[in-house]
Amino acid sequence: MHHDIHVIGGGLAGSEAAWQLAEAGLRVRLSEMRGSGDTTPAHHSSDLAELVCSNSFRSDDAESNAVGLLHQEMRALGSLILRQGDAHRVPAGSALAVDRDGFSAGVTAAVEGHSNITVVRERVDALPDGPAIVATGPLTAPTLSQSIAGETGKDALAFFDAIAPIVHRDSIDMDKAWFQSRWNKGDGTDYINCPLDKEQYHAFVAALIAGEKTEYREWENVPYFEGCMPIEVMAERGVETLRFGPMKGVGLDQPSTGRWPYAAVQLRQDNAQGTLWNIVGFQTKLKHAEQVRLFRTIPGLEKAEFARLGGLHRNTFLRSPELLDPTLRLKSRPNVRFAGQITGCEGYIESAAIGLIAGRFAAAELQGRPLPPPPVETALGALLTHITGAAEAETYQPMNVNFGLFPPIPGRTKKADRKKMYTDRAREALSGWLAAV
């Protein structure tokens with residue numbers, strides 16, 4: 001099939017971009033190297049939009065959370081990723097978590113079934129000459145990375161993204177663990193909690209710090225992203241650090257005592273059947289045998305069977321604030337747009353959101369109609385503005401969407417009211433933008 005535009009990369013951003021272009025009536029060639037004999041260190045299948053880390057799209061609260069607001073905006077813009085996320089939702093309290101296999105299969109079926117999209121399993125080694133969107137993600141193939149570096153004249157930055165382990169539900173000892181969402185949000189069965197007393201917690205932290213880690217090579221000495229910090233790196237910051245992070249016990253009522261445990265490990269449902277549960281916040285660079293030994297010291301996980309152990313892979317991203325224009329075009333080569341994690345956004349939803357707007361920008365340009373960027377008061381506009389110029393280029397690091405990216409609410413406001421004011425203002429701004437375009 002002759003195509004109007006080439007989308008490179010079949011992850012969340014590329015799949016979303018291709019869908020938006022196809023829905024606008026454009027013919028799309030979507031190239032994905034997985035399935036052609038190539039893969040990445042993090043992927044396990046050739047499905048489009050495979051989730052390689054958590055199965056959570058995080059908060060779905062559109063009233064007081066920037067991520068939930070972004071969900072709402074993407075739904076309003078016809079997002080394929082949110083449509084499939086909603087279709088394959090699993091219990092997770094106020095968060096949107098999905099059955100990872102069902103979700104990826106749903107995205108794959110929708111994209112491959114669209115009459116305007118041709119999916120080609122191939123590796124692309126150079127930037128195309130025609131209209132294109134590059135959404136190859138944080139694990140871009142070395143040959144294409146070299147082509148991008150040659151075009152931009154800038155070295156790519158890099159950080160580590162750590163993968164959390166997944167446990168088989170029937171191997172968890174529910175005589176010690178219990179079901180409860182923190183502060184009793186959700187239906188009470190969204191999380192499994194494993195309690196640790198003070199002595200157990202301190203022993204765990206000491207063993208975590210002493211545990212055998214994956215050895216680095218020289219090129220791997222790069223900064224971590226704060227939102228995906230390996231658990232042992234957090235532990236090295238102070239013995240109590242984890243108790244104020246992924247192992248906090250507040251808001252959890254231990255059935256045997258009726259009190260909050262000193263510390264707790266939470267597991268979240270990872271598939272629709274409820275047979276797999278991931279250990280929340282336990283991204284790690286520990287060697288696999290060390291993970292099994294150490295995690296089985298956690299009360300309730302003494303006989304844990306792991307469907308997947310933690311891992312670590314390198315992520316690369318552009319210095320987007322100086323390289324991309326406000327519509328995500330490469331300034332030195334405006335026929336090419338970038339989308340997803342390679343632009344320096346962080347998170348599944350943020351990646352898909354940038355894919356969505358990149359697709360819409362490209363469709364508008366090819367069809368000769370104007371499309372101004374979404375207002376900075378919206379979640380999508382705030383994230384886009386950060387990526388394409390608001391961030392400091394020299395210190396640019398991956399960023400999740402958050403209210404800190406939004407213009408401040410003018411005047412004096414109560415802190416308790418501020419988040420609702422942000423979301424109300426964003427909805428009004430989005431409505432005005434949609435009416436204008």
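Throughout, residue positions are numbered sequentially from 1 according to the sequence presented.
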If you look at every heavy atom in [X] and [Y], which pair is closest and at what distance?
{"X": "T189", "Y": "W277", "result": "O-CH2, 3.7 Å"}
{"X": "A264", "Y": "L252", "result": "CB-CD1, 3.9 Å"}
{"X": "A18", "Y": "L30", "result": "CB-CD2, 4.3 Å"}
{"X": "A24", "Y": "A363", "result": "CB-CB, 3.9 Å"}
{"X": "I342", "Y": "A339", "result": "CG2-O, 3.5 Å"}
{"X": "I357", "Y": "P374", "result": "CD1-CD, 4.0 Å"}

Side chains of [X] and [Y], heavy atoms from C-beta outward: is any pair under 4.5 Å?
{"X": "T275", "Y": "D170", "result": "no"}
{"X": "M399", "Y": "E350", "result": "no"}
{"X": "S31", "Y": "H6", "result": "yes"}
{"X": "V167", "Y": "N278", "result": "no"}
{"X": "L430", "Y": "E377", "result": "no"}
{"X": "T343", "Y": "L318", "result": "no"}
{"X": "T385", "Y": "L405", "result": "no"}
{"X": "D253", "Y": "W178", "result": "no"}

- prompt: In terms of ring plane angle, is the pair F403 and Y422 parallel, tilted or perpendicular, where the classes change at 30° and 60°?
  reply: parallel

query: How are the rings of F306 and F295 set relative to one another: parallel (under 30°), tilted (30 to 60°) or perpendicular (over 60°)?
result: tilted

Spacing of [X] atom [atom1] and [Y] atom [atom2] [to the nearest 0.5 Å]:
{"X": "L69", "Y": "T423", "atom1": "CG", "atom2": "OG1", "result": "6.5 Å"}
{"X": "I279", "Y": "S54", "atom1": "CD1", "atom2": "OG", "result": "12.5 Å"}
{"X": "I8", "Y": "E122", "atom1": "CD1", "atom2": "CD", "result": "8.5 Å"}
{"X": "N55", "Y": "R268", "atom1": "CG", "atom2": "CZ", "result": "5.5 Å"}
{"X": "E73", "Y": "L380", "atom1": "CD", "atom2": "CG", "result": "6.0 Å"}
{"X": "F282", "Y": "I166", "atom1": "CZ", "atom2": "CD1", "result": "14.5 Å"}

Audit row: K287, E290, salt bridge (Lys or Arg N to Asp or Glu O under 4.0 Å) steps and yes/no: CA-CA 5 Å; K287 290 192 173 181; E290 196 76 339; over 6 Å; no

field: V90 and V98: CA distance, side-chain angles, deciding distance, side-chain contact (heavy atoms from CB on, under 4.5 Å) verdict
entry: CA-CA 5 Å; V90 298; V98 303; 5.6 Å; no

Can any side-chain N or O of [X] pair as donor or acceptor with the backbone N or O of [Y] at less than 3.5 Å?
{"X": "R337", "Y": "G359", "value": "no"}
{"X": "E232", "Y": "K285", "value": "yes"}
{"X": "S104", "Y": "A49", "value": "yes"}
{"X": "E112", "Y": "A109", "value": "no"}
{"X": "E16", "Y": "I81", "value": "yes"}
{"X": "N116", "Y": "L21", "value": "no"}
{"X": "E32", "Y": "G10", "value": "yes"}
{"X": "H88", "Y": "G102", "value": "yes"}
{"X": "R296", "Y": "A304", "value": "yes"}
{"X": "R29", "Y": "V120", "value": "no"}

Looking only at the side chains, is there a donor atom on one of [X] and [Y] sitting less than 3.5 Å from an acceptor on the other?
{"X": "H71", "Y": "D60", "result": "yes"}
{"X": "R169", "Y": "Q269", "result": "no"}
{"X": "T118", "Y": "H3", "result": "no"}
{"X": "T143", "Y": "D125", "result": "yes"}
{"X": "Q180", "Y": "N193", "result": "no"}

- prompt: Taking the six-membered ring where the residue is Trp, are the ring centres of F317 and F338 under 6.0 Å apart?
  reply: no

task: Would you please test M33 and V124 for side-chain contact (heavy atoms from CB on, under 4.5 Å) and show each step?
output: CA-CA 8 Å; M33 74 175 186; V124 176; over 6 Å; no

Step-by-step salt bridge (Lys or Arg N to Asp or Glu O under 4.0 Å) determination, D173 to K303: CA-CA 8 Å; D173 184 355; K303 297 182 180 179; over 6 Å; no

message: Is it true that, when you exclude K213 itself, more than 12 heavy atoms of the residues, nucleotides or ligands shown sit nearer than 6.0 Å to its NZ?
response: yes

message: Could you check whether atom CD of E212 has more than 12 heavy atoms from other residues, nucleotides or ligands sitting under 6.0 Å from it?
response: no

Regarding [X] and [Y], does a basic nitrogen lie under 4.0 Å from an acidic carboxylate oxygen?
{"X": "E63", "Y": "K419", "value": "no"}
{"X": "R34", "Y": "E50", "value": "yes"}
{"X": "E240", "Y": "R243", "value": "yes"}
{"X": "R89", "Y": "D99", "value": "no"}

- prompt: When you look at D86 and R83, which way does the salt bridge (Lys or Arg N to Asp or Glu O under 4.0 Å) test go after all the steps?
  reply: CA-CA 5 Å; D86 290 334; R83 182 188 306 176; over 6 Å; no

message: I'd like to know whether K176 forms a side-chain contact (heavy atoms from CB on, under 4.5 Å) with C194, so could you lay out the CA-CA distance, the side-chain angles of the two residues, the decisive distance to 0.1 Å, and finally the verdict.
response: CA-CA 7 Å; K176 297 179 180 178; C194 299; over 6 Å; no

- request: Could you please spell out the steps behind the side-chain contact (heavy atoms from CB on, under 4.5 Å) verdict for Y191 and R182?
  value: CA-CA 8 Å; Y191 292 87; R182 198 179 307 280; over 6 Å; no

